[in-house]
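Since the structure comes first, as C-alpha cells, the remarks are kept for the end.
Please read these numbers as outputs of a predicted model, since none were measured by experiment. Residue numbers start from 1 in every chain, and the chains themselves are labelled A, B, ... in the order their sequence lines are given, proteins ahead of strands.
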Amino acid sequence: MPVQLLKIVNGKPETPLPSHLQKEDLKHLQEGFDHTNKYFQGIVILHYPLTKLSDGRDFFKLVLQDMNNSCSRNDSINICIYGKMAEDCARVVRHGDTFVVAGFKLEKSPTVGEDGRHGCHLEVSEEAGSAIYIYTKPRTTGASETASMSVAPKYAYTSLNCLKDGTIVNLYGVVKFFKPPYVSKGTDYCSVVTLVDPSNVKLTCTLFSGNLDSLPKIYKVGDIVRFHRIKIREYNGQMQGITSVGFASLTFDGTVGAPVVPRTSSKVYTFMDEEQKTVEELRVWAASNLSISGPAAKLSGVQPMLFFDLTCQLVGKAKVDGSSFLLKVWDGTKCPYPTWKVPVEARDLEGEKILLHQLRNLTVDVLVYDNHVQLAKSLKIGSFLRIYSIHTKQASAVDEDVSHIEFHLHGGTCYGRGIGVLPESNPDVKELKAFLESVELADSQNMESMSSVELDGTFNSVTDLESHLQRCQQLPVTVLTDHQDLNNTELKTILNSTAPQQYRIRAKLRTYKPQKLYQSIKLHCSKCKSLQEVPDGDGFDFILQGSAITAPNVELQNTSWYDSVMWTTQDEKQRKIVIHFVKHDEMLQQPEDTLLMIEGGTLKEVWKLTKIFKCVIPVRSTEDDLELLDLSAPFLLQGNIKYYGCKQCSTPKPIKSLSSIAAEQRPSWEPTEIAQVLGIELLQYVFIMKFTLIDGTGALNAYLFDYEKFFQIPASEILSNNFLQQKMQMTMNTLCPPGRKLDDLPWLECFIKSYNVRDGMKHQVYYQIFDTTVAEDVV
DNA sequence: TTAGGATTTG
C-alpha cells in the first residue's frame with residue numbers, strides 16, 4: 001500500500017516505520033547522494049489542487065517544511081506526486097500533517113528562482129517504488145478545513161503592448177516566425193521566435209538552452225506559445241524577449257478546434273480551464289488576423305529556384321565533407337524533374353540498404369551545409385523531419401545534356417532555415433506516415449517496377465505538366481513587340497548571310513548561359529559601353545569600414561539644407577556616426593520622402609536605414625565638404641537597390657550640389673537626377689545572356705541585352721528580390737524546360753540583328769535579340 | 001556567451 005495513514009496516539013505514531021528506512025536530512029537531499037532506503041519527513045505547509053498532466057496522469061504537488069528549521073523558505077521542499085498516489089494523497093492530506101516520503105527521485109526544481117525553496121524537488125510515484133506515510137492529527141471540522149484550503153498558483157500574463165524593459169513576465173503569443181533550435185556559436189542551443197498577439201504588437205524572443213528539450217516545440221507558424229519567466233529587454237529601440245532563469249514554455253497547435261494539448265518537456269506545469277480558454281481565443285484571433293500558409297509543399301510540387309519547407313522521413317544519411325552532409329529523404333511523392341544524386345562512398349551511407357534501393361526513385365538528396373551538419377549527423381534514420389527553407393536549385397553537370405534539380409539547405413539560419421524533428425504524435429506526421437504506408441504497400445505488391453508508385457505519387461503534377469506542355473507547343477513563348485509583318489528567316493540562311501542585318505526567326509531555345517541566373521546581371525555604362533560585375537556586399541563593407549576611420553568634420557554638420565545628428569557607439573570601438581537629414585523648405589520630411597547622408601555607418605546600419613528612408617548616401621568628411629566614398633561602393637541606396645557610378649566616366653562633384661534638388665518644389669530624388677547633379681555617370685543594371693537557338697536548319701548563339709523589356713522584370717531589382725528571381729527562373733523553365741527532349745521544347749518568336757565585331761585581324765559576326773518579349777501568359 | 005528574423009550562389 002503506497003500511501004499509509006498512521007495514527008498518532010499520545011504524541012507517538014501508533015505503528016513504526018519499516019525498520020530498513022533511515023531518516024535523511026534536508027541538507028543531504030542533493031544530487032549525487034544515494035537515497036536508497038532513506039526517507040524524508042516534513043510538515044505539510046501548502047498543497048495544490050489535484051491536476052491532470054498532458055499524458056492523462058494525475059498530478060499532486062505539496063510543500064514540506066523541514067521540522068528542524070521551521071522558519072525559512074530555504075528549508076521547505078516541493079514534492080511532486082504522480083499517478084494513483086497523487087489521487088490518494090490529495091484525498092487524505094491536510095495542512096499541518098507530518099508527511100514521510102521514501103523511494104523518491106531527486107530532480108532539479110524548475111521553480112527555484114520563483115519560490116525560493118530547496119533547489120531540488122522530490123518525484124514520487126508508484127512506478128518509482130515510492131512509499132508515503134502520513135501521520136494524521138485528529139481531524140476536526142471547521143478550523144482544519146480552513147487551514148487546508150488549497151492555494152493554486154496564479155500567473156498574470158502581460159499583453160505584448162505592455163512590455164517594459166528589465167521586467168520578467170509571463171505571456172502568450174501566436175508564432176509569426178521561428179527558427180527551429182540550432183547549435184549556437186556559444187555553448188547552447190538557440191531558437192528565435194517572433195510572437196504577435198491581439199494587441200498587434202510583435203515580440204522577437206531569443207531563447208537559449210543547453211537542453212534542446214526545454215526550448216519551445218514549435219513546428220509551424222501559427223502555433224501558440226505560453227512563456228513563463230521571460231525577460232524583457234530593449235534592443236535597437238524595440239522590446240526583445242530573452243530566456244531568464246526558470247524560463248518555461250508550453251506550445252499548442254494553432255488550429256481552431258484541435259485538442260488543446262500542450263507540448264512541453266516540463267513535467268510540472270499548471271494548465272487549467274482559464275489557460276485552455278486563452279489558447280482557444282488566440283486561435284480564433286490568429287485565424288482571421290494572421291496569414292498562415294496553406295498545405296505544405298510536397299516533392300511532387302517542387303519548383304526550381306524556390307525555398308520551401310519539406311515534411312519528410314529520413315531514409316539515409318552520409319558524410320560528404322567537412323562542411324556538408326547528405327540526407328536522403330522521401331515524402332511518398334515523386335519530384336517531377338530529374339533530381340541530382342550526391343556521390344558518396346557506399347560505406348559512408350547509413351540507412352537500410354534494401355529500403356534505400358526500393359525507394360531510390362522516390363528519395364531525394366538534400367545536402368545540408370555548415371551549422372546544420374552537426375544536427376544532421378545526430379538525426380536517427382526513420383525519424384520524421386521538417387526541413388525548413390530548403391532551396392531547390394536548377395543546375396546541369398558538365399556531362400549532362402539536360403539540367404536537374406538540386407536540394408540544398410544552405411548554411412546560416414536566415415528565414416528560419418534549419419531542421420526540426422517532429423514527434424510521431426504530430427498530426428502532419430500521422431498523415432505522412434499513413435501515406436507512406438500506402439506507398440510501401442503498393443511497392444511490395446509490385447516489386448518489379450516503381451511505375452505504379454510513381455504514377456500514384458505524381459498524378460497531379462504529370463497532368464499539370466501535360467497541360468502546360470500543350471500550351472507551349474501551340475503558342476510561341478516569346479512574341480515580337482514590333483515588325484509583325486516580317487516573314488521568318490531560317491537560321492541556316494542567317495548564318496550564310498553577311499552582317500549587319502535584321503531578321504524575324506522562329507526557333508527553340510536549346511540551352512542558355514549563365515544557368516545561374518543571378519550571374520546574368522551586370523552593370524552597364526551607356527557612355528563608355530563598358531560592362532562590369534555587380535560588386536558584392538563585402539567590398540562595400542570594406543569601403544564603409546575604411547571611411548569610418550575619417551573623423552566627422554563638425555563644421556560640416558547642421559547646414560542650411562540638412563540637419564545633422566552625431567553619436568558615439570557604446571561598444572569598445574567608440575565609432576562616431578553622423579546622419580545628415582536633408583531638409584526641404586527648411587523642414588524635415590517624412591522618412592519615406594527623406595534623403596539622408598551617413599558617415600561612419602556599418603553595412604548593417606546603412607541597410608537598416610534604407611528600410612526606413614527613401615534614399616541613403618554614404619559619405620565622409622573632408623576639410624570643406626562631404627564627399628562620396630570610392631565608386632566601387634554604391635553612391636546611393638534606394639530601398640533594396642544599390643546604385644553605382646562608372647569609375648571611368650564620373651567626375652564626382654561636391655555633395656552640396658545636392659542642395660539644388662532639395663530646393664525643388666517636390667524633390668522626387670530620382671537616381672538619374674541625383675547622379676547627374678553629383679557628376680556621376682550612372683551604371684545601369686542589365687541582363688546579359690547567351691541563348692543557343694535552333695530551328696532544324698541550324699543553330700546560332702544570340703545575345704540578350706535587356707534592361708527590363710524581355711523579362712518584364714527590371715534588372716535592377718532582381719538581385720535583391722527573391723520573388724523576382726523565382727519568377728525569372730520560372731520564365732526560363734518555360735522557355736527551356738529542364739529535362740525535356742528537343743521535340744518537346746516550345747517555340748520562340750524573336751527579332752535578331754547581326755553585327756560585325758573586328759578585333760585586330762579577327763572578324764566575327766554576332767547576333768543580338770531585340771524587340772522581343774516573353775509572352776504575356778508565360779510571365 | 002550564444003543571437004538580436006529578413007535566404008545561397010557549395
Exercise for the section: Decide yes or no, distance alone: a donor-acceptor N/O pair under 3.5 angstrom between the base of dG10(B) and the side-chain of D321(A). Expected result: no

Handout entry: hbond_proxy S324(A) side chain to dG10(B) base (donor-acceptor, 3.5 Å cutoff)
Key = no

Rounding to an integer number of Å, can you tell me how far [X] [atom1] sits from [N] [atom2]?
X	N	atom1	atom2	answer
N371(A)	dA3(B)	CG	C1'	13 Å
L203(A)	dG4(B)	CG	C1'	12 Å
R417(A)	dG10(B)	CZ	C1'	12 Å
Y415(A)	dT7(B)	OH	P	5 Å
N211(A)	dT2(B)	CG	C1'	16 Å
F177(A)	dG4(B)	CZ	C1'	11 Å
Q725(A)	dA6(B)	CD	P	17 Å
Q515(A)	dT8(B)	CD	C1'	17 Å

Donor-acceptor pairs are to be reported for all side-chain atoms of residues 338-349 of chain A against protein atoms at under 3.5 Å, with residues two or more places apart or in another chain.
{"unit_1": "W340(A)", "atom_1": "NE1", "unit_2": "D365(A)", "atom_2": "O", "d": "3.2"}
{"unit_1": "K341(A)", "atom_1": "NZ", "unit_2": "T363(A)", "atom_2": "O", "d": "2.9"}

With the stacking rule set at 5.5 Å and 30°, tell me whether [X] counts as stacking on [N].
X	N	result
Y518(A)	dT9(B)	no
F208(A)	dT1(B)	no
Y369(A)	dG10(B)	yes

Let's see if you can work this out: which of [options] has an atom nearest to the side-chain heavy atoms of [X]?
X	options	value
K176(A)	dG5(B), dG4(B), dT2(B)	dG5(B)
C414(A)	dG4(B), dT8(B), dG5(B)	dT8(B)
K202(A)	dA6(B), dT7(B), dG10(B)	dA6(B)
T187(A)	dT8(B), dA6(B), dT1(B)	dT1(B)
S184(A)	dG10(B), dA3(B), dG5(B)	dA3(B)
D188(A)	dG5(B), dT2(B), dT8(B)	dT2(B)

Completion exercise
Ordered by number, residues from residues 228-250 of chain A within less than 4.0 Å of DNA chain B (heavy atoms) are R233(A), Y235(A), Q240(A), I242(A)

Problem - Along DNA chain B (nearest heavy atom to each residue), the more 5'-positioned of S323(A) and S389(A) - result: S389(A)

Exercise for the section: Map L367(A) and K608(A) onto DNA chain B by nearest heavy atom, then report which one ends up closer to the 5' terminus. Expected result: K608(A)

Exercise for the section: For Q729(A) and Q394(A), test the side chains for any donor-to-acceptor distance below 3.5 angstrom and give the result as yes or no. Expected result: yes

Handout entry: Polar side chain donor-acceptor pair, K179(A) to T413(A), under 3.5 angstrom
Key = yes

May I ask you to check whether [X] and [Y] place their ring centers less than 6.0 Å from one another?
X	Y	answer
F705(A)	Y707(A)	yes
Y703(A)	F691(A)	no
Y369(A)	H408(A)	yes
F227(A)	F247(A)	yes

Practice task
Check S389(A) against L409(A) and note the closest heavy-atom contact, atom names and distance.
Solution key: O-CD1, 3.8 Å

Exercise for the section: For G412(A), report the nucleic acid contact type (base, sugar-phosphate, nothing); a contact means any heavy atom under 4.0 Å. Expected result: nothing

Problem - Sugar-phosphate only, base, or nothing, as touched by Y182(A) at under 4.0 Å among non-hydrogen atoms - result: sugar-phosphate

Practice task
Check whether any side-chain N or O of K179(A) sits under 4.0 Å from OP1 or OP2 of dG4(B), and answer yes or no.
Solution key: yes

Problem - Pairwise ring pair (Phe, Tyr, Trp, His ring centres under 6.0 Å) hits with a residue in residues 158-207 of chain A, at least two apart - result: Y157(A)-Y172(A), F178(A)-Y388(A)

